[in-house]
Amino acid sequence: MSLKLLEQHFSFNGVQYKYSHFSEVLQCDMTFSIYLPSNKEKKEIPLTWYLSGLTCTDDNFSQKSGFQRLAEKYQVAVIIPDTSPRGDKVADDDAYDLGKGAGFYVNATQEPWAKHYQMYAYITDELSTIAATLVPNFSGKESIMGHSMGGHGALVIGLKNTARFKAISAFSPILSPSEVPWGIKAFSNYLGEDKTSWKQWDASELIKTTNIPPIFITQGTADQFYPEQLIETTFLKNAHANNVEVNYKKVDGYDHSYFFISTFLEDHFDFHNKYLR
């Protein structure tokens, strides 16, 4: 495995990097971004994952959110994967909510998606191995956050790996993909029509497990996709029934955009920092 450095930018005393590499898991070339804080005191550094939403790449968060100031403040490395496999040989769809840019962070089992759309395995195994080599003085402690489809991904990955991630947070997440149009379309295509197979990729089902790390969610009331795509009822009901504490915060007037994310991003970094140190 060889990494190619595509970009390097100093930001708030740390450095924002962008890399490409060939993924054996996805069988295509992939890009990802990672921010490394200055770590002037040479302390151990934790790692936070940020998963982006539909149509996004790793550039959206790195260029729009201003997260670098917070990563430097809290001295945490942040890695940002792409949202799907890429390339001319990768299956795609004309719609924005399926195919490239819409990997949904699952391991697809159906054709023509199965060969390339293994985003869960890519993130939790292959890219995780790479990340560990890029973070100097890596403490081994990790947390995960995401937005929209990436909020779904953060919750699913965090809930399927409860011993690994110290905290999970999300902005406007798809909490019950088995019940909403975005999720039903993606799961039907990637996983097939047998809905029992969907449960392992649905946060509202996974919240029923044990030893769950702390969860923090922020949702804007003026979000154009709320409540149709982002309904929280089943997730919070199942969390309560299983004695899982979830801090679900609605904020009046905010939409689905990076204006919303950047406004409340420090709340999320502060939340993660409590459990990473």
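Positions are given from 1, in the same order as the sequence printed here. Atoms considered below: every heavy atom in the structure, side chains included; atoms not considered: hydrogens, waters and symmetry mates.
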message: Ring-plane angle category for H21 and F32, please: parallel below 30°, perpendicular beyond 60°, tilted otherwise.
response: perpendicular
message: Over 60° means perpendicular and under 30° means parallel, so tell me whether Y254 and F260 are parallel, tilted or perpendicular.
response: tilted
query: Is the backbone N or O of E266 less than 3.5 Å from a side-chain atom of D270, with the two atoms forming a donor-acceptor pair by type?
result: no
message: Could you tell me if T31 and D58 have a donor-acceptor pair between their side chains, going purely by distance under 3.5 Å?
response: yes
query: Taking the six-membered ring for Trp, are Y50 and F61 parallel (under 30°), tilted (30 to 60°) or perpendicular (over 60°)?
result: parallel
task: Flag the pair E205 and K208 as a salt bridge only when some basic side-chain nitrogen lies within less than 4.0 angstrom of an acidic carboxylate oxygen.
output: yes
- prompt: Relative to the ring of Y17, is the ring of Y19 parallel (under 30°), tilted (30 to 60°) or perpendicular (over 60°)?
  reply: parallel
message: Please report the interatomic distance CG(L51) to CD1(I80), rounded to the nearest 0.5 Å.
response: 10.0 Å
message: Looking at S172, is its backbone amide N or carbonyl O close enough to the side chain of Y226 to form a donor-acceptor pair, meaning the two atoms are under 3.5 Å apart?
response: no
- request: Verify whether the ring centers belonging to Y120 and W201 lie closer than 6.0 Å.
  value: yes
message: Would you call the rings of H256 and F225 parallel, tilted or perpendicular, taking 30° and 60° as the class edges?
response: perpendicular
message: Can a side-chain donor-acceptor contact be found between Q68 and Q16 if the only test is distance below 3.5 angstrom?
response: yes
task: Compute whether any side-chain donor of one residue and acceptor of the other, for S128 and R164, lie under 3.5 angstrom apart.
output: yes
task: May I ask you to decide if V244's main-chain N or O and N242's side chain share a donor-acceptor pair within less than 3.5 Å?
output: no
